Each structure stands twice: as structure tokens, then as C-alpha cells.
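A short write-up of the structure that comes next.
Not measured: the values here are computed from a predicted model.
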Amino acid sequence: MGGKPDLGSFALRPASWIAARLKTLSGLGLVIAALFMAAALTPSLIPRSPALQGFLCGLSLTAGYALGGLMRLIWQTLELPRFSESAQRLLLQGAGLLATGLVLASLWLSLGWQNEIRQWMGMAPEQSGRLIVVLAIALAVATVLLLLSRLFLVVAHLVEGRAKRFLSRPLAWMLGVGSAAFLFWSIGNGVLLTRGLTLMDSAYAAVDAVIQTDIAPPADRAKTGSAASLIGWQGIGHEGRNTVAAWPNAAEITGLSGVPAQEPIRVYVGLNSASSPEARAELALAELLRVGAFERSLLVIATPTGTGWLDQAGMAPLEILHGGDVASVSVQYSYLPSWLSLLLAPEYGKVTARAVFRQVYGHWTSLPQDQRPRLFLFGLSLGALNSMLSSDLYEVIDDPFDGALWVGPPFASKVWRDAVTGRDPESPIWRPVFRESRTLRFANRGTGFLGPDEPSQNWGPLRIGFLQYPGDPITFFDPESVLRAPEWLGEPRTPDLPPGLRWYPIVTTLQGILDLVTATQVPPGHGHVYASADYLRAWTDLTEPVGWTPDTLARIEAVLSERGL
């Protein structure tokens, strides 16, 4: 009565279930999945951590298997000839062995590929233990995605089964798939994405509100955040406080140049300083007037990145070159990281950038031309994109500002894309020549805007400069690389790309998306981390400061490098 359960039979059930599932696998899908994973292990623009590499491999495995499964479905739907059951079993076993061999071989080779990139960037090499982590995470990710796909099919079949009562089979199938897709999209977009963004925004807002204990409010009444400032130290935000207190000050510039320098003016308006973009822009202009910014020789509208960060490696060289006789203004518009804003809302911050430009430019144009500073725009990454969107030709054509330095322009930047598309056909995409370089010029790592073929006198009164690294995924990501090789991989090929970097359908796009996220996790001079030496060359060519020689510029470059900028 109530005998013991058959534990042996129970233990065999999972094994039997797994064996049954294995028999239904697509041999073609396994081979394509292995090929996709092998491609995912090849070099891309940015070296990957084991966890990120495993995640990418899991995505690639799933994408490859889905493609193979789709091809099998089409074959079956067309009722083309099929192999016998025994032949199918042998083919599946052979496909499994081939796929396993491909995965293991590419895993082993990937360690050398990754370390080649890391060595070139001056990063420590990875150890062989990373291969186990990569494989484990890849299989885990692929398993989760496979289970989700099974769940998708279950939902679709449930809806299809009920719909067959009053619809034809094709319409019932369409309704089932459509209902499952809508359900999964609603959960992913409405629950995971929306709530995730809300949590991230709250987290970054909390970080922004924390007042650093190692940075005291400025005693100088001419500085933003001081007791006399129109902008409170709390409202200026985390990044604003870093900007105001950044190196160098007047004494440090004097020590570098040997000539008495002025204290740089840095006006920063935080997101909590006023209730709207227009109000923050008005506050920025009022603070500029309070501190006498329009009496300096240079005025820079510096648009920050998504989190409000302003790259001091970009501003410090300019302040040094001009002996501190520089005023800059920045207005925060977001807490979110730039890569997230770029993927979800490419024009995020446009409203703020336009409001700031109109306020500053409007007052600037009201001043006599011989009594106003030279006006430049500056932005890095998302800051560059929003800086480009801050004005248009028709607003400034009668009285243009003096120039702009846009660094690491995102791939979504229309101004950058139009210039690249309209370049001289003989010039490469990574160093374009646009309309004889009379207004707009490009520079790369280790180069400037001026050269034997591009002298200063050929550059017009309005000088626009793009500083871009050929290995910057935020600039050169190409969504169309899903089905075709991106142009930047063509000839002539820049030496700044890893030798083993090749194009693979679908996989290259997946690599590029992850490169976007990790583009700043590399040393200066690579990826999306622009080195102060390249900023120094760019600002020198754009603004042509006086009193500097190649030797003194080299000394300043060395000092900037020592400070890690």
C-alpha cells in the first residue's frame, strides 16, 4: 500500500526529454550557429571582457541557429525531398561534431586575437581561463534565448488553436504569431525597458546629487557655484562641480607657459538649477554676463555628454594655449549615459543645446565685432551631436561664429554623414576631404587639421573641425552592416584597425552594438577615449594661438599625458 515511487524511472525522465529534444535539432542550424559563434570570437574595434564575449557568443549562437531553423522550415514548407530517418540521424551527428570542432577551435584562437588588440592598446593580456567563462556564458545565454523562443511558440500555438474554431488555418497561424509577438514586445518595452530606464535615471540622478567631500565650493566670487554665483553649488550637479574645480587654474597655466595667465572662466548650469531648458539657458547667459565672459578673447559653448560630463582632456589644452583667456559655458540636459541616449533617442538634448546657443549667440551678435570674443562650439560624442543640432546655416550666415570642434561624432550625426557622403571620392571615409577643406576638415589620431596640402590660409573664416578615430565604434557603427560590409573596412584600410578584423553578416552588427557600450573602456588614444595630445593639435590648428613653438607644445603635451588626460 503506497509503495515507493520508481525513482530510477523518474530520474530518466529529464534525460529522455533532453534526448527527444536533441533529435529535433537542426543540423544545418547547429553548423550555422557554430560559424556565427566563430565569427563573434574574431576581433572587433574594442577588446571584450570574458563576460561580454560570452554574451555576444550566446547571441550569435542563437541568431545562427534561428537562421538555420528558418531555412529548414522553408525547405519543409516547399515540400522538397527529405533524407531518410537514418540519414538524418547521421547528418545530425556529423553536424554536431563539426559544430563542436568549430566552436573549440575558434575559442582557442580567440585568446590570441583578443590579446593582439589589448597589446596594441597597451592593456594587460587575458589568460586562458577566460575561455571557460566565455563558453559557459555563451551556452547559458543561448539556452535562455532558446527557452524564450519555445515559450513564444507555445503562446502562438495556444492562440492559433483557439482561433481555428472561427478562422482558416493560415489566418489562425498569423493571429497566433502576431499575438505572441505583441505580448513579448509589450513586456519587453513596457515593463523591462521603461522600468529599467526609470531605475537608471533615478540612480544617475542620485549620483549627480552627491556632493564630493574633496571639492569645496569656490571662494572666488567670479566662479560658478560661489556665494556670489547665480547658480548654487548643490544645483550645479556632480559633473558641474568637477568642471568648475578642474585643472588647470591661472597659477598652473603660468607655471607651464612662463607667462602670467588669467583664471579660466567655466560656467556650468546643472539640470536642477532651473525648471526648463529655456530657463537654464537664460541662467547660463546671466552667469556669463556676471563673470565678464564676453570680455575674454575666446568664448566656447561646450555641450556636455549625456550624463553632463565635459571632457577636461579637451578643454584644458585650449585654456593653456590661450593663457587662461578663455570662457566656457555648459548646460546639463540628462543623467543617462551617452550610449544609451544615442541608441534610444539620438537627438536627446537638442532642445537644451538650441536654447543655449540662441541665448549666447544672440547676445554675442549684439556686441561690436571688434569688442567681442571669438566664438567656438565644442562637443564630444553625444555632446558633438547636440552641438551640431544647436544651430543651422540660416541663423548664422549673416554673422557666423568662428568655428567648432566636434569630437567622436556619433554615427547618427547628419552633418557628419553628409560631409562623409559628399567627400572627395579619392579620400577615405576615415580621413575625408570635403570641398577642398575650405570650411570643414577632419583629423585622426596623431594628425591635425593643417598639413602641406591643407595650409591655414586655405581655411575660411568659419572653421569646422571633426576629430575622429578610425577605430571609434560610436562614430563608425553602421546599422546596414547586417547585410553588407561597412565602408570603413574597405580600401584604403586605416592602420588603426586590428589586422584580423573582417566583416561577417549579422555578427559584425552584434559586435558593433557591444562595441558602442564599451567604447570608453580603453586607454586614451583608442576607441572613444580621445587623448589630450590630439585635442592639443586640433585646438592649435583651429584657434592658432601665438607664442608657441613645436618644442613648447611638445612639453605641454608631455605634461598633459603625465596627468592622464
Side-chain angles (χ1 to χ4, degrees), residues 45 342 346-347 376-394 396-397 400-481 483-497 501 503 508-509 512 515-516 519 527-528 530 534-535 537-539 541-542:
L45 295 174
L342 178 61
E347 295 188 0
F376 287 86
L377 309 185
F378 170 68
L380 163 68
S381 191
L382 191 61
L385 171 60
N386 287 318
S387 182
M388 294 178 218
L389 296 171
S390 66
S391 66
D392 60 54
L393 177 65
Y394 301 105
V396 303
I397 193 169
F401 53 90
D402 291 270
L405 177 58
W406 290 321
V407 184
F411 65 92
S413 308
K414 185 177 185 301
V415 175
W416 176 82
R417 286 203 319 269
D418 289 346
V420 168
T421 303
R423 71 187 187 278
D424 182 337
E426 296 182 359
S427 62
I429 186 173
W430 43 271
R431 188 72 188 276
V433 174
F434 180 75
R435 297 185 181 179
E436 300 180 339
S437 301
R438 294 193 176 276
T439 299
L440 198 155
R441 296 188 178 186
F442 291 80
N444 298 147
R445 184 167 65 99
T447 71
F449 296 118
L450 304 181
D453 299 327
E454 298 174 313
S456 174
Q457 59 267 27
N458 291 343
W459 208 351
L462 174 58
R463 296 184 170 189
I464 305 296
F466 282 108
L467 173 58
Q468 60 184 34
Y469 288 165
D472 184 350
I474 288 180
T475 296
F476 289 102
F477 175 74
D478 184 359
E480 296 183 7
S481 63
L483 297 176
R484 64 164 179 81
E487 194 173 1
W488 51 268
L489 267 177
E491 298 295 337
R493 185 181 173 113
T494 171
D496 280 357
L497 297 183
L501 180 58
W503 171 74
T508 294
T509 304
D515 283 346
L516 286 173
H528 198 58
Y530 286 80
D534 293 314
Y535 279 118
R537 295 185 189 92
W539 281 124
D541 291 347
L542 268 173

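- Contact detail for Leu462 and Pro400: the closest heavy-atom pair is CD2-CB, 4.5 Å.
- Partners of Asp418 according to the salt bridge (charged side-chain N to carboxylate O under 4.0 Å, His left out) rule, which considers only residues two or more places apart in sequence or in another chain, are Lys414.
- Nearest heavy atoms, Ala443 versus Gly448: CB-O, 3.7 Å.
- Here the side chain of Arg423 pairs no donor or acceptor atom with the backbone of Arg431 at under 3.5 angstrom.
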Just distance, no hydrogens or angles: give the donor-acceptor pairs under 3.5 Å from side chains in residues 432-439, sequence neighbours left out.
residue	atom	partner	partner atom	Å
Glu436	OE1	Arg438	NE	3.1
Ser437	OG	Glu454	OE2	2.8

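- Counting all heavy atoms, side chain and backbone alike, Ile464 lies closest to Gly403 at CD1-C, 4.4 Å.
- At least one side-chain heavy atom of Val407 sits under 4.5 Å from a side-chain heavy atom of Tyr535.
- Judged by distance alone, the side chain of Gln468 and the main-chain N or O of Phe442 form no donor-acceptor pair under 3.5 Å.
- When all heavy atoms of Asn444 and Leu467 are compared, the closest pair comes out as O-CD1, 3.9 Å.
- The salt bridge (charged side-chain N to carboxylate O under 4.0 Å, His left out) check on Glu480 picks up Arg484, with sequence neighbours excluded.
- A side-chain donor-acceptor contact under 3.5 Å links Ser390 to the backbone of Ser387.
- From Trp406, atom CH2 reaches atom CG of Leu377 across 6.0 Å, with rounding to the nearest 0.5 Å.
- Under the ring-ring contact (aromatic ring centres under 6.0 Å, His included) criterion, Phe376 pairs with no residue, sequence neighbours left out.
- Within the 3.5 Å criterion, the main-chain N or O of Phe411 finds no donor-acceptor partner in the side chain of Thr475.
- Listed for the Asp515 side chain is a donor-acceptor partner under 3.5 Å among the backbone atoms of Leu45.
- For Glu487 against Ile429, the heavy-atom pair with the smallest separation is OE1-CD1, 3.9 Å.
- Although no hydrogens or angles enter the test, the distance criterion places no donor-acceptor pair under 3.5 Å between the side chain of Ser413 and the main chain of Val415.
- Ring orientation note: the planes of Tyr530 and Tyr469 are close to parallel, at an angle under 30° on the 30°/60° scale.
- The closest side-chain heavy-atom distance from Pro470 to Trp488 is not below 4.5 Å.
- Using a distance-only test at 3.5 Å, with no hydrogens or angles considered, no donor-acceptor pair links the side chain of Arg493 to the main chain of Gly490.
- A donor-acceptor pair shorter than 3.5 Å can be found between the side chains of Thr509 and Ser481.
- Here the closest heavy-atom approach between residue Asp472 and residue Gly408 is recorded as OD2-CA, 3.8 Å.
- A donor-acceptor pair is defined here as one N or O able to donate and one able to accept, closer than 3.5 Å; such a pair exists between the side chain of Arg417 and the backbone of Ala412.
- The shortest distance between side-chain heavy atoms of Ser381 and Ile474 falls below 4.5 Å.
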Quiz item: Hey, mind stepping through Arg445 and Asp496 against salt bridge (Lys or Arg N to Asp or Glu O under 4.0 Å) and telling me if it holds?
Solution: CA-CA 9 Å; Arg445 184 167 65 99; Asp496 280 357; 3.0 Å; yes

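- One finds the CG atom of Leu516 at 13.0 Å from the CZ atom of Phe476 (value rounded to the nearest 0.5 Å).
- Under the ring-ring contact (aromatic ring centres under 6.0 Å, His included) criterion, Phe449 pairs with Trp459, sequence neighbours left out.
- Taking the side chain as every heavy atom from C-beta outward, Leu380 and His528 approach each other to under 4.5 Å.
- In this structure, the salt bridge (charged side-chain N to carboxylate O under 4.0 Å, His left out) partners of Asp534, at least two apart in sequence or on a different chain, are Arg537.
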